[in-house]
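Just so we're on the same page: letters track the sequence lines, and every chain starts at 1.
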4 protein chains.
Amino acid sequence: MPTILGQNQYGKAENRVVRITRDGATHHIKDLNVSVALSGDMDEVHYSGSNAHVLPTDTTKNTVYAFAKKYGIESAEQFGIHLARHFVTSQEPIHRARIRVEEYAWERIEAAGEKAGDGAGEGGHSFVRKGQETRLTQIAYDGERWEVISGLKDLTVLNSTDSEFRGYVKDAYTTLEETRDRVLATSVSGRWRFNWTGDDRPMPDWEESYRQVRKHLLQAFAETYSLSLQQTMYEMGARIIDRRDEIDEVRFSLPNSHHFLVDLEPFGLSNDTAEGAVYVAADRPYGLIEATVLRDGREPRIPADLTNL
Amino acid sequence: MPTILGQNQYGKAENRVVRITRDGATHHIKDLNVSVALSGDMDEVHYSGSNAHVLPTDTTKNTVYAFAKKYGIESAEQFGIHLARHFVTSQEPIHRARIRVEEYAWERIEAAGEKAGDGAGEGGHSFVRKGQETRLTQIAYDGERWEVISGLKDLTVLNSTDSEFRGYVKDAYTTLEETRDRVLATSVSGRWRFNWTGDDRPMPDWEESYRQVRKHLLQAFAETYSLSLQQTMYEMGARIIDRRDEIDEVRFSLPNSHHFLVDLEPFGLSNDTAEGAVYVAADRPYGLIEATVLRDGREPRIPADLTNL
Amino acid sequence: MPTILGQNQYGKAENRVVRITRDGATHHIKDLNVSVALSGDMDEVHYSGSNAHVLPTDTTKNTVYAFAKKYGIESAEQFGIHLARHFVTSQEPIHRARIRVEEYAWERIEAAGEKAGDGAGEGGHSFVRKGQETRLTQIAYDGERWEVISGLKDLTVLNSTDSEFRGYVKDAYTTLEETRDRVLATSVSGRWRFNWTGDDRPMPDWEESYRQVRKHLLQAFAETYSLSLQQTMYEMGARIIDRRDEIDEVRFSLPNSHHFLVDLEPFGLSNDTAEGAVYVAADRPYGLIEATVLRDGREPRIPADLTNL
Amino acid sequence: MPTILGQNQYGKAENRVVRITRDGATHHIKDLNVSVALSGDMDEVHYSGSNAHVLPTDTTKNTVYAFAKKYGIESAEQFGIHLARHFVTSQEPIHRARIRVEEYAWERIEAAGEKAGDGAGEGGHSFVRKGQETRLTQIAYDGERWEVISGLKDLTVLNSTDSEFRGYVKDAYTTLEETRDRVLATSVSGRWRFNWTGDDRPMPDWEESYRQVRKHLLQAFAETYSLSLQQTMYEMGARIIDRRDEIDEVRFSLPNSHHFLVDLEPFGLSNDTAEGAVYVAADRPYGLIEATVLRDGREPRIPADLTNL
């Protein structure tokens, strides 16, 4: 045979699961998009079309919904761990499962008659979607070792000052002018890998960890006087590694969302003045800055490509 | 001539303007997407290609940026009014201007060292985009009369109970079963028209009006025990008309974002129990429910089609 | 009652219907996205939540699929007419139906062994989606009169020369330089209204009409030496009115997809030379040019807003 | 230092380049989206913010446009090779360049007066975008070795018969029924790696190679009687490896775009009959089937994740 099969995986992608939990009149919501990818002893389905080892993708979908009822969704990570363990341990030909989850956050709508702090506003069954970042996790399990990589995407941030860009290389194609004051904006896509890998160790508190990582990356972005987006990005990663023992590796992919100062001189106006300034927010092209930040002594495992561009 | 020209308009669409205002170390941000459409005595540019009456779309873009500096952006509505007045009054062939604005909201990132309430967190230059709804406004001016229609899109809301659907018509193609308890979810697209039309009357407080309308529509959604999405939609509109004197007309286009109860019986599980339930959030198809709600005695002016589907 | 209900409509949107027709081993495909909007005697469902006049949107979905089997899909227009007639004539409270259809075109994959022209390539069951424009139609029926508006969107076209832009108005905000040679590109969104309105007259050949209108608008775009996009747009509309008796009105919404000549002087290069030139294709902002072209003596009926921006 | 920097890269993404070449009145068009990613000796810009080794992303953008003029765009691959070689050989701190290109295809608009075959239709300057798949390539160069991975995305294909799915594993969560006749549809995302790696060997004919690979994968899709999508996918990859000596590895990511037979029994209709059938084209969830197909004896190098879900 002149050709052979290499790495392969299959499963049902983008199962949209909404789990409502009722605590009397107070409801809670978890809103996930779950994708399953399985691999193992799957040569025959590729070579001959025999499905004898294939658990249908439709079955993986059913399992997602049944598990959401049976075990609830404590966190996206915990839910992914339940699913991955099930597929690997219940089906002999399946040797590895990878579960990816997107989570959409909601907050409560306070009713008109409710006073802040009287507790009634904490009950209820009405929600509005938060709409900021999408929370992400990926659980991988091979029957022995767990790898949990969580993260977020589409968290858009902007510093309106404390950003410079100068002292760079100039070659024959360089026309950019140096600046000591610019807008620095990006839409954060980040992933972080937990050092929890085995059932013998207690799991991190996934929800608290997410809140803390999000807070630290926002604060590092806000507090860094930036000489380059690379420096800001590194500070964001280092802050997380420094403050969160459960995390060994962070990967960021940050578009440099250019905000160009508009030239208003032709209209007799100075743009950048003490009072403020006007910028054009550009779409394309954009700088794209990517890096891994690691706890010293650990091996990187998050793939370098978070983007297909 | 067998063919003639009908309604026509032109201008620069989607000018992305970010305005930073500096109050010492405390910066403020306005983030808009501004689209200009002009019409008037424009027959010749269509019939012969003569541009003698055409102010270039590039010029309309320049004007947007220059005005953002010159006059600031107090609100999207106020900014649109400035622009529309300029185009109609400064160019004889232009008889009507329509300015559309999308506004993206930002909130401040609090730095690590700041304590809540000490005021320091209110300063700063670091922002994170709110990411919920997009705020909208449309200003139209013909040299005499103003029409201001504001609104929002992509505000996603969900009630996890207090929604029924029954007592409907059954014909030969009806298979749907009645329900006394379902999830009701939608992504609100709404527009509301102000009764301010003339320079002789004081303008509404556009920012406060937006906050109040948004609050009322969310509360009406949360508080209505729903027998149909039409009823909930009408209550949302009526609440706004009732509470906000400055508004005469509301138009909603609401997808019924179906959350179907998953059948878990094949797996020996009861889904909808006291403890909660699991739903599949469906994409397409979806119900689409649209209506105008009017102050009695007023004429509707918001176009019936907010959607191209 | 201080508030009243205005125009309203409801139905199931975006029903994705694929119809395969088998002619022995030769299959044919129709691929549609069908949206239903019904209106009529619907006050009570809004005011009190009574569904006594409401045919469920789920039923309208079922009807779409059942009719696709029962009557086939000869054309998007014919299919929409079947559906609209059914809803208006079978349900007393429904007085008006509007059916919108998007159609996706496919072409056959020729198998390896087939020779062009031997007929075998015309058989088969394998298709690849064409992926150019999306074809559109909207059928409206009130029990007496038909209104059929067909069209297309996302047909991207470009002339690499024979386009000027000069002789325009200059004001204090004008910086654009005149040009006698530029790239003219747009993504056509167009709608055209048929003068067929009654069952007493024979219907147009909807498929042939679409092919001819598409051909004429492409040819008019290609053949017009352009002094402005408005002029090119008018020529496209006038060509259709002139050549197609079944059509009385055309509406276009054309973004001016700017292709800017890159300034390569800083690198010692002349860009626009006999050999050719390099352009940057810009995203936002863009000019947006819209107009109606009418057969003389007819009333315009296509809404002026094809876009929500 | 408790944290260290891992893999990192930077550059300007999504440079939209349109190159017109003039051969008298006959123009030719190349339409690309070019993304640059550079890496090398970049520790300092991350640790201290020193830009002394940083060629600005703005300069990489300028280089793209200048090279499009200077060298033309013979093919996306050839153009990427020019760029990658330049960055690695001209800047000492840059050790590796990765150029990604998306290419959009255009075809000519034939003018009204032109007869097929008279040659006139081959001239001209008017184009309509083809709109099917987007062609892709990625060039990586480290100063010694080239790696060229080309491909496509969004090529949508469908077989209306000759597809079965049965004989699969059943567990407690399996409800799917077996079928001997279904619609098989997917939107092909594929990448293929060339075995050309060094300047000492002649390059493949990139344009001809693309046309042939595209043809073979379409034919393999059309001609395979399918027992599973995995089998069809493997046949598509094996056909390419078998017929194209210049390619050693293929990777596919294929959504199983489900077309479900609609149950019309409640309406007294048999759906799947000799005459044909009606399907609902579903959006989410979808099966996702991915694999690498390799020439025997070669090492896989295309990353396993083409998707972020």
One option among B:Asp242, B:Val34, B:Leu55 has the most heavy-atom pairs under 4.5 Å with chain C, and it is B:Leu55

C:Glu102 backbone acceptor or donor facing C:Asn33 side chain under 3.5 Å
no

Turns out that what part of B:Gln91 lies under 4.5 Å from chain C's heavy atoms comes down to side chain

### Message
Using a 3.5 Å distance criterion without hydrogens, assess whether the side chain of B:Ser189 forms a donor-acceptor pair with backbone atoms of B:Lys153.
### Response
no

If one checks every heavy atom of B:Phe67 against chain C at 4.5 Å, the contacting part turns out to be side chain

Note: C:Ala185 and C:His259 closest approach over all heavy atoms is CB-CE1, 3.6 Å

If one checks every heavy atom of B:Thr60 against chain C at 4.5 Å, the contacting part turns out to be neither

Report yes if the side chains of C:Asp162 and C:Tyr225 come closer than 4.5 Å at any heavy-atom pair, otherwise no.
yes

Whatever's closer than 4.5 Å to a heavy atom in chain C on B:Lys61 counts as side chain

Interface check, chain B: of C:Ile241, C:Asn62, C:Val101, most non-hydrogen pairs under 4.5 Å belong to C:Asn62

With chain B, the option among C:Leu294, C:Ile289, C:Asn8, C:Thr57 that has the most non-hydrogen atom pairs under 4.5 Å is C:Leu294

Aromatic C:Tyr168 / basic C:Lys170 pairing, under 6.0 angstrom, 45° off normal
yes

Cut-off 4.5 Å, heavy atoms of chain C, and the answer for B:His53 is backbone

- Has the side chain of B:Tyr47 got a donor or acceptor atom that lies under 3.5 Å from a matching backbone atom of C:Gln231? no

Checked B:Leu136, B:Asp171, B:Asp248, B:Val36 vs chain C; the most non-hydrogen pairs under 4.5 Å come from B:Asp171

Highest number of heavy-atom pairs under 4.5 Å with chain B among C:Tyr10, C:Tyr65, C:Tyr173 belongs to C:Tyr173

Of the listed C:Leu5, C:Asn51, C:Asn15, the one with the largest count of heavy-atom pairs under 4.5 Å with chain B is C:Asn51

In terms of heavy-atom pairs under 4.5 Å with chain B, the winner among C:Leu227, C:Val293, C:Thr59 is C:Thr59

Here the gap from B:Arg301 atom CZ to B:Arg298 atom CZ, rounded to the nearest 0.5 Å, amounts to 13.0 Å

### Task
Using only heavy-atom distances, determine whether the side chains of C:Glu235 and C:Thr224 contain a donor-acceptor pair under 3.5 Å.
no

Most heavy-atom pairs under 4.5 Å with chain C, out of B:Arg295, B:Arg16, B:Gln138, belong to B:Arg16

**Study point:** salt_bridge(B:Arg166, B:Glu178) N-O dist < 4.0 Å
**Key:** no

Assert top hit (heavy-atom pairs under 4.5 Å, partner chain C, pool B:Ala238, B:Pro300, B:Gly11, B:Ala52) equals B:Gly11

